[in-house]
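Worksheet: one structure, shown below.
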Amino acid sequence: MTYTGDVQVGGPADVRELPAVTISKLAVGPFDNNAYLIRCNDTGDGLLIDAAAEPERLLEFVGDMPIGRIVTTHGHGDHWQALEEVARETGALVIAHPLDAPALPVPVDLTVEHGDRVTVGVVSMDVIHLRGHTPGSIALHYNGHLFTGDSLFPGGVGNTEKDPERFAQLFADVSERIFDRFPDETWVYPGHGKDTTLGAERPSLPAWRERGW
């Protein structure tokens with residue numbers, strides 16, 4: 001079946017097969033969080049983005065094949081409620097940006113900065129620091145596939161709590177580090193809700209700037 005990215009809490013994962021990796025998306029928890037499993041097709045190693053909630057479902061989602069890393073996109077609690085249990089059960093390294101690492105419930109094994117790379121099997125993903133939603137929010141990019149946490153959604157950037165300085169910072173980072181860098185066909189996998197593409201969102205950038213959120 002064709003991947004849509006439209007998943008519901010309690011429902012099945014949606015799976016996208018790419019030449020080098022398989023991307024699986026699952027909705028979990030009371031805040032309708034998205035968790036993403038990136039698995040290297042060559043080695044079978046996996047990386048989980050945001051162990052957000054429902055650890056039993058996430059462990060079933062991961063299955064019997066190993067995961068070596070768990071990346072937490074930012075420090076808000078709805079994105080790490082299952083982190084302690086999933087990390088313990090899988091033995092995966094916990095990865096986050098150093099500015100948000102102290103908010104996590106477990107020690108971070110590896111901190112990453114803007115421009116670093118995170119590997120999964122023989123594949124590597126670029127780390128993009130997007131300041132504003134939280135100080136240490138990060139996105140991951142692999143070959144036209146962009147996992148944005150709560151920094152970019154269909155219809156706008158992440159919540160900056162009506163703080164004009166935080167909004168200006170996040171809007172600048174999203175504009176310069178994402179829209180100015182990647183083409184329209186880049187697929188966006190956000191921390192909640194449905195997916196989008198940069199091409200679908202790009203025409204709205206002036207309106208986002210004008211409204212201030």
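All values below were derived from every heavy atom in this structure, side-chain atoms included, with hydrogens, water molecules and symmetry-related copies excluded.
To the nearest 0.5 Å, atom SG of residue Cys40 and atom CD1 of residue Ile67 are 14.5 Å apart. With rounding to the nearest 0.5 Å, the separation of CG in Asp150 from CG in Asp50 is 8.0 Å.
Looking at Leu152 and Leu198, their side chains come closer than 4.5 Å, going by heavy atoms from C-beta outward. A heavy-atom distance below 4.5 Å is found between the side chains of Thr22 and Asn41. Val174 has its side chain out of reach of Phe171: every pair of non-hydrogen atoms, C-beta onward, lies at least 4.5 Å apart. At least one side-chain heavy atom of His133 sits under 4.5 Å from a side-chain heavy atom of His76. Two residues are said to be in side-chain contact when any heavy atoms from C-beta on lie closer than 4.5 Å; Thr73 and Phe147 fail this criterion. Side-chain contact between His79 and His192 is present, with heavy atoms from C-beta onward closer than 4.5 Å. In this structure, the side chains of Val157 and Ser151 stay at 4.5 Å or more apart for every pair of heavy atoms. Looking at heavy atoms from C-beta onward, Leu26 lies in side-chain contact with Arg57 at the 4.5 angstrom threshold.
In the hydrophobic cluster analysis, where Ile, Leu, Val, Met, Phe, Trp and Tyr join through side-chain heavy atoms closer than 4.5 angstrom, Phe182 is grouped apart from Leu18. Residues Val86 and Val71 are members of separate hydrophobic clusters, defined by side-chain heavy-atom contacts under 4.5 angstrom among Ile, Leu, Val, Met, Phe, Trp and Tyr. Val188 and Leu205 fall within a single hydrophobic cluster, where Ile, Leu, Val, Met, Phe, Trp and Tyr side chains are chained together by heavy-atom contacts under 4.5 Å. Residues Leu110 and Leu48 are members of separate hydrophobic clusters, defined by side-chain heavy-atom contacts under 4.5 angstrom among Ile, Leu, Val, Met, Phe, Trp and Tyr.
Closest approach of Arg202 and Pro183 over heavy atoms only: NH2-C, 3.8 Å. When all heavy atoms of His129 and Ser137 are compared, the pair lying nearest together is CD2-O, 3.1 Å. Closest approach of Phe61 and Tyr36 over heavy atoms only: CE2-C, 4.3 Å. Closest non-hydrogen pair, Gly193 versus Asn34, comes out as O-ND2, 3.0 Å. Leu83 approaches Thr72 most closely through the heavy-atom pair CD2-OG1, 3.8 Å. Of all heavy-atom pairs spanning Ala139 and Leu146, the tightest one is CB-CD1, 4.3 Å.
The neighbour count for Glu60 CD, taken as heavy atoms of other residues, nucleotides or ligands under 6.0 Å away, does not exceed 12. Applying the 6.0 Å contact sphere to CH2 of Trp213 captures no more than 12 heavy atoms from other residues, nucleotides or ligands.
Note: His145 and Tyr142 have parallel aromatic rings, judged against thresholds of 30 and 60 degrees for the angle between ring planes.
Neither side chain, His74 nor Asp100, offers a donor N or O lying under 3.5 Å from an acceptor on the other. Between the side chains of Asp14 and Thr4, at least one donor-acceptor pair of N or O atoms lies under 3.5 Å.
For Asn33 (side chain) and Asp78 (main-chain N/O), a donor-acceptor pair under 3.5 Å exists by modelled atom type. The backbone N or O of Gly44 lies less than 3.5 Å from a partner atom in the side chain of Arg39, making a donor-acceptor pair.
Exactly one residue among Leu130, Ile128, Val112, Ile49 makes a side-chain contact (heavy atoms from CB on, under 4.5 Å) with Ile138. That residue is Val112. Asp173 pairs in a salt bridge (Lys or Arg N to Asp or Glu O under 4.0 Å) with only one of the listed residues (Arg181, Arg166, Arg131), which is Arg131.
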